[in-house]
Amino acid sequence: MAPPRIRLARFTVASAIATGISQVVLLAVYGLTTVDATTASTIAFLAGSVPHFLMVRYWAWPPGKLRSQLTTYLTVTLIGGVASIALTTATEKLVLPLLPSGWQPVALTLAYLAASGPVFLAKFAIFDRVFAARTRRYQPLAPATAAS
């Protein structure tokens, strides 16, 4: 298994890609349709979560038990997702009415990012503990070497 700094770097890249996907989807859905912020941020959250899980599971940490990794991922990610959705919904109700319409999608995007930023390291720490521990537990033993 890769050292912690490599896992953190991979998790960071995976998170940046997933965040980029979420942001593009959020801007497109909110800016080009008539859905509200709650719906747009929920769609954006789901659009980024699926590729993020796959990158985290297969790239940041070697695959372990799918069920335990998926359960942990869903629990931790849903908590962060609820925070992002709540903040974008609050922003829509409290801040967007004060802004010109052209700035509203930008403000919503910033609110979505603000919610996801603070939980980033906590998510890594939890994922590293669960994904790495489960992976270590299920790794095959290295073959024994003969003494020469």
Side-chain angles (χ1 to χ4, degrees), residues 1-140:
M1 181 169 25
R5 64 182 165 70
I6 299 298
R7 292 192 308 269
L8 178 59
R10 289 177 179 172
F11 179 73
T12 301
V13 170
S15 297
I17 291 168
T19 299
I21 291 168
S22 293
Q23 293 305 300
V24 168
V25 170
L26 180 64
L27 282 170
V29 171
Y30 190 78
L32 302 175
T33 70
T34 59
V35 302
D36 63 356
T38 304
T39 303
S41 58
T42 301
I43 293 168
F45 167 73
L46 293 172
S49 294
V50 172
H52 188 247
F53 174 74
L54 294 173
M55 287 183 281
V56 164
R57 182 165 198 266
Y58 292 106
W59 186 48
W61 291 274
K65 288 281 241 177
L66 175 62
R67 185 177 183 166
S68 62
Q69 287 181 342
L70 189 56
T71 301
T72 300
Y73 183 85
L74 288 174
T75 302
V76 172
T77 301
L78 284 174
I79 291 168
V82 167
S84 295
I85 292 165
L87 191 54
T88 54
T89 301
T91 300
E92 179 184 44
K93 293 181 185 337
L94 301 172
V95 177
L96 297 191
L98 305 173
L99 298 173
S101 63
W103 286 100
Q104 291 176 351
V106 174
L108 203 64
T109 299
L110 293 174
Y112 188 89
L113 284 172
S116 59
V119 297
F120 172 79
L121 288 176
K123 284 172 70 172
F124 173 78
I126 292 167
F127 291 160
D128 196 50
R129 177 173 291 261
V130 172
F131 282 45
R134 302 254 190 240
T135 301
R136 281 191 293 272
R137 199 177 300 161
Y138 295 102
Q139 280 185 339

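Please read all numbers here as calculations on a predicted model, not as lab measurements.
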Pair Y73 + W61: ring centers closer than 6.0 Å
no
Flag the pair F11 / H52 as yes when their ring centroid distance falls below 6.0 Å, and as no otherwise.
yes
Are [X] and [Y] side-chain neighbours, meaning at least one heavy-atom pair lies under 4.5 Å?
| X | Y | answer |
| --- | --- | --- |
| F127 | T77 | yes |
| D36 | T39 | yes |
| P3 | R7 | no |
| L26 | F45 | no |

Any idea which heavy atoms bring [X] and [Y] closest together, and the distance?
| X | Y | answer |
| --- | --- | --- |
| V76 | K123 | CG1-CG, 3.4 Å |
| A111 | T91 | CB-OG1, 3.1 Å |
| G31 | P105 | CA-CG, 4.4 Å |
| P51 | I21 | CG-CD1, 3.8 Å |

As an exercise, state the distance from CE of M55 to CZ of R10, rounded to the nearest 0.5 Å.
13.0 Å
Rounded to the nearest 0.5 Å, what separates atom CG in L66 from atom CZ in F53?
5.5 Å
Any side-chain donor-acceptor pair under 3.5 Å between T89 and T38?
yes
